[in-house]
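Working notes for the structure below.
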Amino acid sequence: MARTLRDVVFVDGVRTPFGTAHGALADARADDLVVKCVAELMRRNPGLPPDRVDEVAIAATTQIGDQGLTIGRMAGMLSGLPKTTPGYAIDRMCAGAMTAVTTTAAGIAFGAYDVVVAGGVEHMTRHPMGEGIDLNPRIVAEKLVDPSAIVMGQTAENLHDRFPGIGRKRADGYAAASQRKTAAAYAAGKIQHRLVSVATRSPELGWGLVTRDEPVRPETTAAELAQLKTPFRPHGRVTAGNSAGLNDGATACLLAAEETARELGLPVGMRLVSYAFAGVDPEVMGVGPIPATDKALATAGLTIDDIGLVEINEAFAVQVLAFLDHYGIADDDQRVNPYGGAIAVGHPLASSGVRLMLQLADEFRERPETRYGITTMCVGIGMGGTVVWENPAWQGHSASNRAGDSAA
Ligand SMILES: CC(C)(COP(=O)(O)OP(=O)(O)OC[C@H]1O[C@@H](n2cnc3c(N)ncnc32)[C@H](O)[C@@H]1OP(=O)(O)O)[C@@H](O)C(=O)NCCC(=O)NCCS
């Protein structure tokens, strides 16, 4: 049987505001956060009949309790999708939602689905990092990985060791800039339209409505950051200020075959070009985006010079800076995280991959001179993931994608 691969498009995406662990969303259920996102996607896209959704893939790193019971299936039903729409759960830690997108996108290209919901959630209040893990003793006994590989902050310290040119000052400068960029994006109303508000009820505070990301600290200065403790190593360089925090939140997006999007009159936010995941030494997991990006670019027949926008997850400033140094991109290059990143808005692990995509889709609209962009992230236990996207609004001036030519 002959098959033709189909083009896959990112139609639309939303997320909850991200909360600080033990903060605004502490009393919300993780699955309810996903439901808010899926229901909002359906509300915003009335041209999509619910029975045309062929799959719901939702990622979570800790798949127990309200993040368990194959959360994609549960969230689909709770969102009002028909019981005939299946769903499942995905885990690739921080790249969970990214993997939900790439896996279901491959299914669309293959012809197994026309339209899917893909997303992720992590409620780090209810499910702290490492909850319930049962590390195989061989990992330590056979020295398969350095013990520091299990603590993400320690892997970031290891990265500082490996790249002595990236010191505390540079990491703090990058972190302060991320906060500034996020504050500017909020002030310009560039983030709010992707957020679905979450009603909360706390025994102490009563009813509330969460409409903004809680972790953002727009007043942050590099001088203040320089005073913070280094919890992962005495006299280290990684701090609460130059890392993403511990957060609660969910994301979801709609993907479709381009022909189905056209048939249903759905928007085409981005076109999928290629994707790749790569493994690296777990004790320096932060370098993962580099081989993943090389692989994804090679598959697409592109080079980094063709990439006009980079949405890189800021698990730690050092890991972003290692990526930028590798490709010869300046710390303040305007192609990189124009709306700021996880250091400011937070990183509810398995949800973040789709947050990067929401931002890239919006940035593409603002920059029709940019043809290609990437979303990329590092992953615990030593991996990286990168997705290359094409801007449907591209007006054909590809030269302006080149280094140094980026628009404001
Ligand atoms: C780094 C980490 C341990 C800090 O946790 P924490 O101590 O609970 O963090 P807090 O938010 O309480 O911040 C610690 C201090 O820094 C201060 N701080 C944090 N960000 C700041 C900023 N931008 N500006 C100024 N001060 C800041 C806080 O106010 C707090 O000060 P205090 O001790 O006087 O109250 C935690 O966020 C972490 O583990 N992050 C990494 C998460 C991770 O590994 N994700 C996966 C990636 S692969």
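Numbering starts at 1 and runs along the sequence shown. Bear in mind the structure is a predicted one, so any value in this text is a computation, not a measurement. Note that ligands are numbered from 1 as they come in the structure, with each ligand's atoms numbered from 1 the same way.
Nearest protein heavy-atom contact of atom 37 (O) of ligand 1 is Gly245 CA, 3.5 Å. At the shortest separation from atom 39 (O) of ligand 1 among protein heavy atoms lies Phe232 CZ, 3.6 Å. Shortest contact from atom 4 (C) of ligand 1 to any protein heavy atom: Ala240 CB, 3.6 Å. Scanning the protein for heavy atoms near atom 38 (C) of ligand 1, the closest one is Leu246 CD2, 3.9 Å. For atom 43 (C) of ligand 1, the closest heavy atom belonging to the protein is Met129 CE, 3.5 Å.
With no hydrogens or angles considered, a side-chain donor-acceptor pair links Thr375 and Trp389 at under 3.5 Å.
Both tests do not hold together for Arg73 against Tyr88: distance to the six-membered ring centre under 6.0 Å, angle to the ring axis within 45°. No cation-pi contact links Arg271 to Phe10, judged by a cut-off of 6.0 Å to the six-membered ring centre and 45° from its axis.
Contact check for Gln67 versus Thr61: no side-chain heavy atoms found under the 4.5 Å cut-off.
For ligand 1, the polar-atom distance check against Arg217 finds a nitrogen or oxygen pair separated by under 3.5 Å. When only interatomic distances are considered, the shortest N/O to N/O separation between Glu224 and ligand 1 does not fall below 3.5 Å. Backbone and side-chain nitrogen or oxygen atoms of Ala315 are examined, and none is located within less than 3.5 angstrom of a nitrogen or oxygen of ligand 1.
Of the possible polar contacts, one joining the Ser202 side chain to the Glu204 backbone as a donor-acceptor pair under 3.5 Å is found. No donor-acceptor pair closer than 3.5 Å links the side chain of Asn391 to the backbone N or O of Arg365.
In this structure, Glu219 has no heavy atom closer than 4.0 Å to ligand 1. Using a 4.0 angstrom heavy-atom cutoff, Met93 does not count as in contact with ligand 1. Assignment of Leu349 to the shell around ligand 1 is supported, since a heavy atom sits closer than 4.0 Å.
By heavy-atom distance, the residue among Leu228, Thr155, Leu225, Asp172 lying nearest atom 16 (O) of ligand 1 is Leu228. When the heavy-atom distances from atom 40 (N) of ligand 1 to Gly153, Ala244, Ala223 are ranked, the shortest goes to Ala244.
The two residues Thr251 and Arg15 have their closest heavy-atom pair at CG2-CB, 3.6 Å.
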